[in-house]
Student: 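There's a structure below that I have some questions on.
Only this structure's heavy atoms are used, side chains among them; waters, hydrogens and symmetry mates stay out. Remember, it's a predicted structure, so these values are computed and weren't measured experimentally.
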2 protein chains.
Amino acid sequence: MVRTRATVRDLRRQNRSVLLTALFLDGPLSRQQLSLATGLSPATASTITGELLDEGLLVEAGSVDSDGGRPRVLLRVNPAFGYVIGVDVGETGIKVELFDLAMTRLSTVDRLLTALEPALVADLIASGVDEVLAGVEASSVLGVGVGVPGTVEQGESAVVHAQTIGWDAVPLEKMIRAAGVTLPLLVENGAKTQGQAEMWFGAGRGARHAVIALVGSGVGIAVVAGGVVHRGATSNAGEWGHMTIAYGGRRCRCGARGCLEAYAGASAVLARYREAVRRDDSSLDEQSALEELLTSRSAVARRVVDESVGYLGAGIANLVNLFNPERVVLGGWAGLAFGAVKLDEIVAATSSHALRHPFGQVRIELALTGPDAVAVGAATLPLAVLLETGAPG
Amino acid sequence: MVRTRATVRDLRRQNRSVLLTALFLDGPLSRQQLSLATGLSPATASTITGELLDEGLLVEAGSVDSDGGRPRVLLRVNPAFGYVIGVDVGETGIKVELFDLAMTRLSTVDRLLTALEPALVADLIASGVDEVLAGVEASSVLGVGVGVPGTVEQGESAVVHAQTIGWDAVPLEKMIRAAGVTLPLLVENGAKTQGQAEMWFGAGRGARHAVIALVGSGVGIAVVAGGVVHRGATSNAGEWGHMTIAYGGRRCRCGARGCLEAYAGASAVLARYREAVRRDDSSLDEQSALEELLTSRSAVARRVVDESVGYLGAGIANLVNLFNPERVVLGGWAGLAFGAVKLDEIVAATSSHALRHPFGQVRIELALTGPDAVAVGAATLPLAVLLETGAPG
DNA sequence: GAGGTTAGTTCGCGCCTAAAAATAAGCCTC
DNA sequence: GAGGCTTATTTTTAGGCGCGAACTAACCTC
């Protein structure tokens with residue numbers, strides 16, 4: 001439903017956006033190909049590209065023969081037009097990365113976090129941003145995207161809620177500002193930024209309706225409907241982990257019973273295994289422990305793994321039934337570990353819990369990016385703004 | 001994400017749509033109020049309303065004093081500009097209704113269905129449409145909306161899949177055409193049309209993110225995200241009933257185990273009660289039986305009801321977690337029956353299974369329309385087309 | 001009925017895209 | 001190697017659109 005009026009200027013804005021997006025996603029194109037791809041007349045494609053070339057947003061990228069006629073001049077987004085910064089706020093550390101417009105990583109700064117203290121996080125982000133900016137004109141940076149744990153309420157300024165790490169209505173955007181960052185800021189949930197990365201550069205490419213399911217210690221999703229990340233009324237949408245899947249079942253860290261996370265998250269899987277073998281073998285870190293569990297040939301281990309696959313399949317099936325995506329991408333470190341050895345079984349479990357018809361429409365695939373894609377996805381946020389508005393600033 | 005170029009004509013189209021929608025939803029408005037409400041300049045508001053008046057889409061609707069100055073002339077959508085037809089294909093019969101553009105019901109035709117045979121349904125629809133059209137110029141009918149059980153795959157022409165009544169890829173749109181209907185046809189899932197009615201005229205009014213949960217013998221939902229009904233890749237989205245909620249639990253008619261419908265649908269609630277009392281008291285129809293169960297003071301009945309409330313709450317909580325709506329509307333005949341006596345308990349059960357933050361954003365209310373709203377909602381489909389395109393045809 | 005106030009209309013401007021025409025830049029043939 | 005052919009891009013022209021400013025209409029008060 002359209003809800004707002006349009007003026008003549010909006011036309012140009014939209015057509016610039018369409019053209020720029022086509023160039024960004026489908027590589028170098030000639031003006032003529034652009035005209036075909038976007039539906040714009042050759043005349044308009046020419047004027048708009050002319051404008052964008054003048055502004056430095058585009059550059060020529062060689063030419064190709066056209067059998068018999070004038071060769072086509074290829075155009076592409078100018079990687080050096082500006083930069084974007086992506087920040088990944090993880091549970092143990094912060095990563096700040098600088099990219100050019102072709103999303104080539106130019107520099108990285110890692111900082112360990114001793115405590116998930118909001119003020120500390122804001123300070124580290126600010127200093128990290130300063131550091132990656134060394135030698136770069138700050139005015140040519142389009143913005144800073146920040147991927148954080150928990151849900152992000154987008155309002156006047158972004159506020160973070162993360163029950164599990166004790167962040168209750170943390171005004172992170174304001175705090176980062178206060179710590180000295182003056183660039184445009186875009187704060188978003190880490191699962192959503194990782195999902196964005198997967199949609200643009202990973203297994204989600206080309207899908208208009210997709211669910212990116214991320215299984216780590218906990219579980220989360222990013223839902224893309226009609227090409228747009230689904231956010232809900234207050235950006236809380238996508239709390240897959242605390243979906244009730246076994247009514248009255250295991251207690252979850254959120255306080256409720258029977259949450260998916262209490263069965264299919266890596267921590268929960270390992271806990272179930274420890275209970276089953278009555279042994280507290282927590283000397284290993286979770287990732288190694290899960291690897292060991294997945295490759296173990298003991299009957300108990302196999303049972304726990306199979307059960308986990310069943311729960312995970314049911315959880316995915318619920319997503320398939322509710323969202324009817326054309327693609328489900330399974331990611332996250334635990335998701336990838338499970339998927340590497342059990343993808344077929346996960347698909348089968350999904351099939352047995354999903355309705356036939358929506359299940360028949362979906363392709364379930366493994367993610368192509370790992371958790372390190374959070375920063376990449378975050379960096380795409382300011383880039384997405386550029387593509388949507390068709391102009392910097 | 002914008003995906004298609006725009007021409008100068010699109011401006012007018014969009015602005016007509018914005019203006020027409022404002023008039024339809026917010027009753028009679030003066031040109032000046034329209035200008036304010038839509039953001040259009042007074043000049044443009046005036047030219048466009050002039051056009052729409054000329055075309056007969058609008059009519060004047062009296063005037064109101066403006067303290068001291070020229071009075072405002074109120075405008076509204078001309079109810080007599082055209083008609084829309086809504087069809088409700090239920091399990092036991094077909095209802096065809098004719099409305100004017102103010103959605104005033106002008107006539108109704110009911111037909112009993114002896115069998116849910118697609119060809120029979122198509123024939124009955126065609127003859128029903130003929131009958132309600134008696135005395136009405138067919139050319140002034142904007143279209144026929146059809147609400148059907150099962151999911152509707154929107155493609156070249158609509159195809160219906162309804163596993164439970166044995167409809168497997170029924171090309172209903174083509175069949176209705178073949179039966180002689182030449183008007184524009186819009187086929188949609190009945191839950192979605194009922195949800196549409198609730199959004200336009202019921203408890204969903206004004207919400208941009210809402211879930212309409214319909215509990216009858218089975219259960220289903222319509223999800224509205226950002227003001228638009230969420231359809232998914234192939235319009236299968238919203239299969240709430242077969243969400244796994246009790247892993248490994250009761251067998252559902254879909255073949256899987258632990259589906260919500262196997263616990264919270266009216267048929268399932270009654271079945272659970274019958275099992276509990278070890279008595280097959282199926283002499284009553286479902287609606288009376290449920291009423292009796294809900295008012296019974298026996299301990300067993302109360303236990304079954306309370307358990308059902310718990311499952312229903314968990315099911316709603318999953319929706320709250322996943323979609324983060326600002327409103328959940330509980331409807332359907334069984335939903336209304338439960339809600340009438342147990343709404344507080346349902347809200348409490350939802351609260352105990354949902355995450356605190358998304359739950360804090362949502363209002364859970366009872367539907368204002370009953371199952372008879374399927375036809376109303378279906379009739380809004382062609383109307384929505386009119387509002388979106390800003391022009392007939 | 002003169003002056004004031006608010007609502008709605010008209011007109012000129014600047015901007016937009018599309019279609020048609022012109023130009024540019026290669027290839028091919030003789 | 002000159003003319004013709006083909007294809008890509010730019011220029012020109014025409015038709016639309018929304019906006020701001022100026023203008024007209026329709027009421028009120030004194």
Student: Check the distance between C:dA25's C1' and A:Glu60's CD and give it to me in whole angstrom.
Tutor: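 Spelled out: CD on A:Glu60 to C1' on C:dA25 is 14 Å.
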Student: In this structure, how many angstroms lie between the C1' atom of C:dA22 and the CZ atom of A:Arg70, rounded?
Tutor: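 After rounding, the reported distance stands at 12 Å.
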Student: Say you draw a straight line from CD1 of B:Ile48 to CG of B:Asn15; how long is it, rounded to the nearest 0.5 Å?
Tutor: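 If I round to the nearest 0.5 Å, the distance is 5.0 Å.
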Student: Does D:dA26 have OP1 or OP2 sitting under 4.0 Å from an N or O in the side chain of B:Arg72?
Tutor: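 For B:Arg72, the contact criterion (side-chain N or O under 4.0 Å from OP1 or OP2 of D:dA26) is not met.
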Student: Within this structure, what is the CZ-to-C1' distance between A:Arg31 and D:dT7, rounded to whole angstrom?
Tutor: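 Taking CZ of A:Arg31 and C1' of D:dT7, I get 14 Å after rounding.
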Student: Can you check the A:Arg5 CZ to D:dG18 C1' distance for me, whole Å?
Tutor: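 It works out to 9 Å between those atoms.
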Student: Rounded to whole angstrom units, what separation is found between the CZ atom of B:Arg12 and the P atom of C:dC16?
Tutor: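 Roughly 18 Å, once rounded to whole Å.
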Student: Can you tell me which nucleotide in C:dA7, C:dT9, D:dT9 comes closest to the side chain of B:Gln32?
Tutor: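 Side chain of B:Gln32 sits closest to C:dA7.
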Student: Judged by each residue's nearest nucleotide on DNA chain D, which is more toward the 5′ side, A:Val8 or A:Ala43?
Tutor: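 Its nearest nucleotide being more 5', the pick is A:Ala43.
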Student: With nearest nucleotide decided by heavy atoms, which residue, A:Glu51 or A:Pro71, maps closer to the 5′ end of DNA chain C?
Tutor: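 The residue mapped nearer the 5' terminus is A:Glu51.
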Student: Can A:Ser235 and B:Asn324 be counted as having a side-chain donor-acceptor contact under 3.5 angstrom?
Tutor: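 Distance-only check fails for A:Ser235 and B:Asn324.
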Student: Among B:Val146, B:Val187, B:Thr193, which residue meets the side-chain contact (heavy atoms from CB on, under 4.5 Å) test with B:Val87?
Tutor: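 For B:Val87, the side-chain contact (heavy atoms from CB on, under 4.5 Å) check succeeds only for B:Val146.
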Student: Give a yes or no on whether a salt bridge exists between B:Glu198 and B:Arg327, defined as a side-chain N under 4.0 angstrom from a carboxylate O.
Tutor: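 B:Arg327 and B:Glu198: not salt-bridged.
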Student: Provide, to the nearest angstrom, the distance between the CZ atom belonging to B:Arg9 and the P atom belonging to C:dC16.
Tutor: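 After rounding, the gap between these two atoms is 18 Å.
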Student: Classify A:Ser41 by what it touches in the nucleic acid, base, sugar-phosphate, or nothing, heavy-atom distance under 4.0 Å.
Tutor: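 Answer is base: heavy atoms of A:Ser41 come under 4.0 Å of a base.
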Student: So what does B:Asn15 touch, heavy atoms closer than 4.0 Å: a base, only the sugar-phosphate, or nothing?
Tutor: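 The residue B:Asn15 makes sugar-phosphate contact but no base contact.
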Student: To the nearest Å, give me how far apart CG (A:Leu11) and C1' (C:dA18) are.
Tutor: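 After rounding, the gap between these two atoms is 12 Å.
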Student: Would you mind reading off the distance between B:Leu40 atom CG and D:dG20 atom C1', rounded to a whole angstrom?
Tutor: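 Spelled out: CG on B:Leu40 to C1' on D:dG20 is 14 Å.
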Student: Ion pair present between B:Arg231 and B:Glu188, side-chain N to carboxylate O less than 4.0 angstrom?
Tutor: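 Between B:Glu188 and B:Arg231 there is a salt bridge, with a charged N closer than 4.0 Å to a carboxylate O.
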Student: Looking at every strand, decide which applies to B:Ala6 at a 4.0 Å heavy-atom threshold: base, sugar-phosphate, or nothing.
Tutor: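 Sugar-phosphate, no base atom in range.
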Student: Within the pair B:Thr44 and D:dC19, is there a side-chain N or O less than 4.0 Å away from OP1 or OP2?
Tutor: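 Checking B:Thr44 against D:dC19: at least one side-chain N or O falls below 4.0 Å of OP1 or OP2.
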